[in-house]
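First the proteins, then the strands, lettered A, B, ... as listed; each starts at 1. What you see is a predicted model, and the numbers here were worked out from it, not measured in a lab.
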Number of protein chains: 2
Amino acid sequence: MNAGCHTGDVPTRTLPLVPPAGGSAGVACCAPLTREPLSAETAATLARTLKAIADPARLRLLSLVAAHEGGEACVCDLIEPLGLSQPTVSHHLKVLVEAGLLTRDKRGVWAYFAVVPAALDALAAVLATPAADPAR
Amino acid sequence: MNAGCHTGDVPTRTLPLVPPAGGSAGVACCAPLTREPLSAETAATLARTLKAIADPARLRLLSLVAAHEGGEACVCDLIEPLGLSQPTVSHHLKVLVEAGLLTRDKRGVWAYFAVVPAALDALAAVLATPAADPAR
DNA sequence: TCCTTCCATCGACATCTGTCGATGACCGAC
DNA sequence: GTCGGTCATCGACAGATGTCGATGGAAGGA
């Protein structure tokens, strides 16, 4: 359990989130996927980001962080609901940060993670079928 | 090369596509992901579908099939542009079909594959951030 | 100063995954 | 019936991946 964990005595300021442009890893911007054949390079980049979320533990981490108070959470908040060891949780968080899907903000002893909505939306835009777009 | 491949002498009828409801494997319906914590079971189901597209070869296969004439393609159309062996292409196609992202229609000697737009849209809906929804 | 707590990294291990060549099943043409 | 072409499956292999315990570094409190 998180015996000595902070449990609520944190400011929980809403972070600015979503870096304006060219932030973090890249997220493999906006090709509709079902529009024209992907190049090998584009496919590799997209696959790297998708592999980051194609894991039960990491999917749950994303939803746990997003649903947490203030939209951010520290590692100690995530270990127990996930049921995995602390090194494993830390490993998964690192993968998500390197994929640009989470941001890490170290404040004092704690490291706070927050989702990057723009990254998830970019992935959604790539997968969505253009038929859902009425402007054509 | 596809020496004896049909190369265009096929009807190329537009298939009905997208099975009405409850088709194929399931696609792990519509939870916004950044809404509330995913259950372990839901996360596992979602991850299984995401793993299916989290691969460069399979991403290219999806886009190749979608961009092909008539929205469908046979294996022999995909081997050369992908640069992989026929068994490998067949393997990837099987993974995509089992994930409900492609349909397989065997006509004579050829097996025609077509994308399931509803499956991709469902995935996009799960990843998209609710902030993109103005109705709240 | 020392101790406690939080977190990241390391090394090891079992398992999953992507790829291939070889083979077999199936269909259509001659 | 036989042959050629398309596709799926099998077995094998190297490499990537998820998990853990042990360890180390850094910040803050007694």
Side-chain angles (χ1 to χ4, degrees), chain A residues 1-11 40 43-44 47-61 65 72-80 82-99 102-114, chain B residues 1-11 40 43-44 47-61 65 72-80 82-99 102-114:
Chain A
M1 302 66 217
N2 45 3
C5 205
H6 57 82
T7 58
D9 56 349
V10 190
R48 222 176 305 127
T49 305
L50 282 170
K51 274 183 192 298
I53 56 169
D55 179 275
R58 292 197 283 270
L59 282 172
R60 296 188 70 196
L61 277 177
V65 169
E72 57 178 9
C74 66
V75 179
C76 64
D77 291 325
L78 304 167
I79 294 174
E80 193 182 326
L82 220 63
L84 295 176
S85 71
Q86 177 266 320
T88 301
V89 172
S90 207
H91 162 68
H92 285 310
L93 287 170
K94 181 180 181 179
V95 171
L96 289 171
V97 168
E98 286 178 344
L102 283 183
T103 58
R104 192 179 84 183
D105 179 33
K106 187 136 195 174
R107 294 204 294 273
V109 185
W110 291 285
Y112 288 93
F113 295 85
Chain B
M1 303 358 146
N2 45 4
C5 204
H6 59 80
T7 58
D9 56 348
V10 191
R48 222 175 305 128
T49 305
L50 283 171
K51 274 183 193 296
I53 56 170
D55 180 273
R58 292 196 284 269
L59 282 172
R60 296 187 70 197
L61 277 176
V65 170
E72 58 179 9
C74 66
V75 179
C76 63
D77 291 325
L78 304 169
I79 294 174
E80 193 182 325
L82 221 63
L84 294 176
S85 71
Q86 177 267 319
T88 302
V89 172
S90 207
H91 162 67
H92 285 310
L93 288 170
K94 181 180 181 180
V95 171
L96 288 171
V97 168
E98 285 178 345
L102 284 183
T103 58
R104 193 179 82 182
D105 179 32
K106 187 135 194 174
R107 295 204 293 274
V109 185
W110 292 287
Y112 289 92
F113 294 86

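Remark: B/R104 is not positioned above the aromatic ring of B/Y112, lacking an NZ or CZ atom under 6.0 angstrom from the ring centre and at most 45 degrees off the axis.
Rounded to whole Å, atom C1' of D/dA8 lies 15 Å from atom CG of B/L78. We find that CZ of A/R48 is positioned 13 Å from P of D/dA16, with the value rounded to whole Å. We find that CD1 of A/I79 is positioned 9 Å from C1' of C/dC7, with the value rounded to whole Å. Following rounding to the nearest Å, B/R107 (CZ) and D/dT6 (P) show an atom-to-atom distance of 16 Å. To the nearest angstrom, P of C/dT19 lies 11 Å from CZ of B/R60. Taking atom NE2 of B/H91 as the reference point, atom C1' of C/dG21 lies 15 Å away to the nearest angstrom. Between A/L84 atom CG and C/dA8 atom P there is a gap of 15 Å when expressed in whole angstrom units. For A/E98 and D/dA16, the CD to P distance is 16 Å, given to the nearest whole Å.
Residue B/R104 places none of its side-chain N or O atoms closer than 4.0 Å to OP1 or OP2 of D/dC7. In this structure, A/S90 reaches the C/dA8 phosphate: one of its side-chain N or O atoms is under 4.0 Å from OP1 or OP2. Contact between the side-chain N/O atoms of A/S85 and the OP1/OP2 oxygens of D/dC20 is found at a separation under 4.0 Å.
Among the nucleotides C/dA8, C/dC27, D/dA8, the one closest to any side-chain atom of B/A111 is D/dA8. Relative to the side chain of A/D55, the nucleotides D/dA8, D/dG18, C/dA8 differ in distance, and D/dG18 lies closest. Looking at the side chain of A/V75, the nearest of the listed nucleotides C/dC7, D/dA22, D/dT19 is C/dC7. For A/C74, the listed nucleotide lying nearest its side chain is C/dC7; candidates were C/dC20, C/dC7, D/dC20. Listed nucleotides: D/dC7, D/dC20, C/dC20. Nearest to the side chain of B/T88: C/dC20. Among D/dA27, D/dT19, D/dC7, the nucleotide with an atom closest to any side-chain atom of A/V109 is D/dA27.
A/F113 and A/V65 make their closest contact through O-CG1, 3.2 Å (heavy atoms, listed as atom of the first residue, atom of the second, distance).
Using a cutoff of 4.0 Å between basic side-chain nitrogens and carboxylate oxygens, B/E98 and B/R48 are not scored as salt-bridged.
B/R58 contributes a side-chain N or O that, together with a main-chain N or O of B/K51, makes up a donor-acceptor pair within less than 3.5 Å.
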Would you mind writing out the side-chain donor-acceptor pairs for residues 82-90 of chain A within the sub-3.5 Å range, not counting sequence neighbours?
residue, atom, partner, partner atom, Å
A/S85, OG, A/T88, N, 3.4
A/S85, OG, A/T88, OG1, 2.9

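In this structure, B/K94 and B/K51 both approach DNA chain D, and ranking their closest nucleotides by distance from the 5' end singles out B/K94.
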